[in-house]
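Report on the following structure.
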Amino acid sequence: MPLPAAPSTPRSGPSPAAPVHPPHGRGLRALRALRALGAGALAAGLAGTAQAQPAGVSVMHWWVSGGERASMDTIRDHALARGIGWAESSSPGSGTARYTDVLAARVRAGQVPSAAQMIGYEIHEWARRGLLDNLDDIAAREEWDEVVPDEIQRISKWQGHWVAAPFNAHSTNWLWVNRALAARLGATRPPDTWDDLIALLDRARAAGIAPIAVGHEAWEHTLLFESVAAGTGGAAFYRRAFVDLDPEAVTDAVATAIFERMRKLSDYLDPGFMRRRWDEATVRVARGQALMQIQGSWVDGEFRVRGLYAGVDYQCWRFPDTQGMVLFNSDQFIFFRRPAREREAQLHLASILLDRDLQTAVNLRTGAAPARVDVREAPFNTCGRQAIAELRGANMRRTLLGSIGMGNAHPSAVKVAIYDVVTRHLQRRIDTPTAVAALREAIARHR
């Protein structure tokens with residue numbers, strides 16, 4: 001349904017639960033259930049809170065790891081400094097059904113937060129039901145169209161209207177490398193090609209070093225897949241296959257090469273990965289128990305919170321053959337329709353989230369580039385400066401491409417179908433020809 005026009009009201013703000021500090025997550029089932037609720041769920045929430053709420057915001061998010069918690073604290077502190085009351089709850093899941101199920105249950109119960117962290121096409125799922133506020137007035141006043149990269153705007157808008165405030169641009173096609181282990185192996189420069197990467201992984205294994213650390217969740221495996229896919233097929237292939245959802249782009253030759261490379265990578269995963277979380281895999285790299293992790297730039301934030309330094313303790317290298325491409329995941333906040341008094345605080349928070357100072361401060365902690373192209377590089381570490389420069393370049397060249405694993409490339413139903421194919425293939429439960437056919441079917445079915 002079309003979004004209501006933005007009321008001409010002023011602007012306003014999000015954080016951790018006191019005593020509530022929930023989990024982290026995603027979910028198609030919950031969102032389908034909300035179709036039956038639509039504005040009715042909001043009405044219940046409005047009725048329950050219209051009367052005695054102080055001017056402030058209640059925020060729900062999934063940032064629960066060390067680096068993530070530090071980042072949310074930064075947002076909270078900026079909000080409090082601007083006079084916005086803050087209450088928060090959290091639930092792990094980073095864009096997965098775990099988180100979205102919890103959020104949907106609260107909305108159904110009339111416990112509607114002012115704002116909720118969201119990524120990718122999940123934003124459109126909520127907007128489609130008419131549950132989100134229209135941010136066009138503040139976006140026009142603060143010229144969001146001029147500073148937010150085009151591909152991120154495509155996620156932040158629904159039917160041409162701003163419905164979310166993006167505050168970072170993570171990138172997923174990175175190798176996060178323990179510098180001391182790499183030096184032992186004679187690797188002082190990034191592997192330029194796929195063959196260079198395999199040679200480095202072989203040297204690590206021969207030296208008794210676990211080559212790749214990874215966790216057990218499907219989204220992590222799909223991050224491996226998307227880097228391999230972009231490196232194998234190139235930017236034009238990736239856009240056509242995974243953003244435009246053209247099944248004709250998924251030829252047998254290219255798709256077979258992608259899955260065969262995935263099968264090759266599976267030989268280098270450290271034992272026990274199916275019993276490990278993503279951040280536990282990060283700790284293995286930090287401690288020198290594994291050479292590298294192929295993961296998003298939130299790893300930079302995890303390293304920083306542990307006192308490690310880019311270029312000294314670890315290296316950030318682009319996945320080979322993806323140089324010049326940025327596969328992105330943008331963290332955003334959606335804002336539910338709320339009473340007028342609370343809406344003022346909501347719009348104030350939206351303004352703060354797009355503020356250059358906030359985007360600098362929070363992304364010094366998250367490891368991401370800011371979600372606007374006019375933030376100075378100088379305060380960032382070497383990985384952050386590289387991320388900012390490459391985001392700007394990719395935005396101009398149209399090689400800024402949504403992450404499959406994080407739901408920024410296409411709707412949730414496609415993401416979940418690809419999760420299933422990739423994980424079953426990685427675990428050797430299906431062979432490559434079956435995986436190729438299943439991938440093409442997933443794209444064709446949801447086009």
Side-chain angles (χ1 to χ4, degrees), residues 1-22 34 37-61 72-91 102-118 123 126-127 129-142 144 156-158 161-167 332-355 357-358 362:
M1 72 192 275
L3 288 163
S8 53
T9 326
R11 354 172 185 161
S12 281
S15 171
V20 187
H21 270 92
L34 282 173
L37 295 169
L42 282 181
L46 296 179
T49 57
Q51 294 172 358
Q53 284 283 36
V57 290
S58 59
V59 174
M60 185 165 175
H61 64 87
M72 187 55 64
D73 288 346
T74 300
I75 297 175
R76 178 200 63 204
D77 293 346
H78 273 69
L80 292 173
R82 305 283 184 89
I84 302 173
W86 177 273
E88 75 177 62
S89 59
S90 59
S91 179
V102 174
L103 176 59
R106 293 185 182 189
V107 171
R108 286 197 301 271
Q111 300 168 1
V112 184
S114 311
Q117 188 179 9
M118 199 61 59
I123 293 168
W126 291 90
R129 290 157 185 81
L131 299 173
L132 303 187
D133 204 351
N134 182 318
L135 306 177
D136 284 349
D137 280 356
I138 192 169
R141 196 158 54 239
E142 299 183 354
W144 293 4
S156 307
K157 292 179 178 180
W158 168 249
H161 299 283
W162 284 92
V163 294
F167 58 93
Q332 314 205 27
F333 272 106
I334 57 174
F335 295 84
F336 290 96
R337 300 206 320 264
R338 308 297 294 142
R341 186 158 180 255
E342 188 175 342
R343 185 172 193 268
E344 183 176 350
Q346 289 176 298
L347 294 180
H348 193 180
L349 176 59
S351 176
I352 290 170
L353 288 169
L354 267 291
D355 181 80
D357 289 343
L358 180 282
V362 74

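Distance check, rounded to the nearest 0.5 Å: CD of Q117 to CG of L103 gives 11.0 Å. One finds the CZ atom of F336 at 6.5 Å from the CG atom of L131 (value rounded to the nearest 0.5 Å). To the nearest 0.5 Å, atoms CG (D73) and NE2 (H78) are separated by 12.5 Å.
For the pair A165 and L353, the tightest heavy-atom approach, listed with the atom from each and the gap, is CB-CD1, 4.1 Å. Here the closest non-hydrogen pair linking I84 and L80 is O-CD2, 3.4 Å. Considering all non-hydrogen atoms of both residues, A104 and W126 come closest at CA-CH2, 3.9 Å. Nearest heavy atom pair, residue A350 against residue W144, reads O-CZ2, 3.9 Å. Scanning all heavy atoms of the two residues, the minimum distance from N134 to R343 falls at O-NH2, 3.2 Å. Across every non-hydrogen atom of I352 and A79, the tightest pair is CD1-CA, 4.1 Å.
Residues S89 and R106 bring a donor and an acceptor atom of their side chains to less than 3.5 Å of each other.
Taking the side chain as every heavy atom from C-beta outward, M118 and Q332 never approach each other to under 4.5 Å. In this structure, the side chains of I75 and F333 come closer than 4.5 Å at one or more pairs of heavy atoms. Counting only heavy atoms from C-beta outward, the side chains of F335 and L347 never approach each other to under 4.5 Å. Taking 4.5 Å as the limit, some side-chain heavy atom of P166 sits within range of a side-chain heavy atom of L354. Within the 4.5 Å cutoff, the side chain of W158 has no heavy atoms near those of the I123 side chain.
Without hydrogens or angle criteria, S114 side chain to Q346 main chain gives no donor-acceptor distance under 3.5 Å.
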One pair to check against salt bridge (charged side-chain N to carboxylate O under 4.0 Å, His left out): D133 and R338. What are the steps and the verdict?
CA-CA 8 Å; D133 204 351; R338 308 297 294 142; over 6 Å; no

Checking M60 against V102 for the side chain to side chain contact (heavy atoms under 4.5 Å, CB included) test, could you report, in this order, the C-alpha distance in whole Å, the side-chain angles of both residues, the deciding distance, and whether it holds?
CA-CA 10 Å; M60 185 165 175; V102 174; 3.4 Å; yes

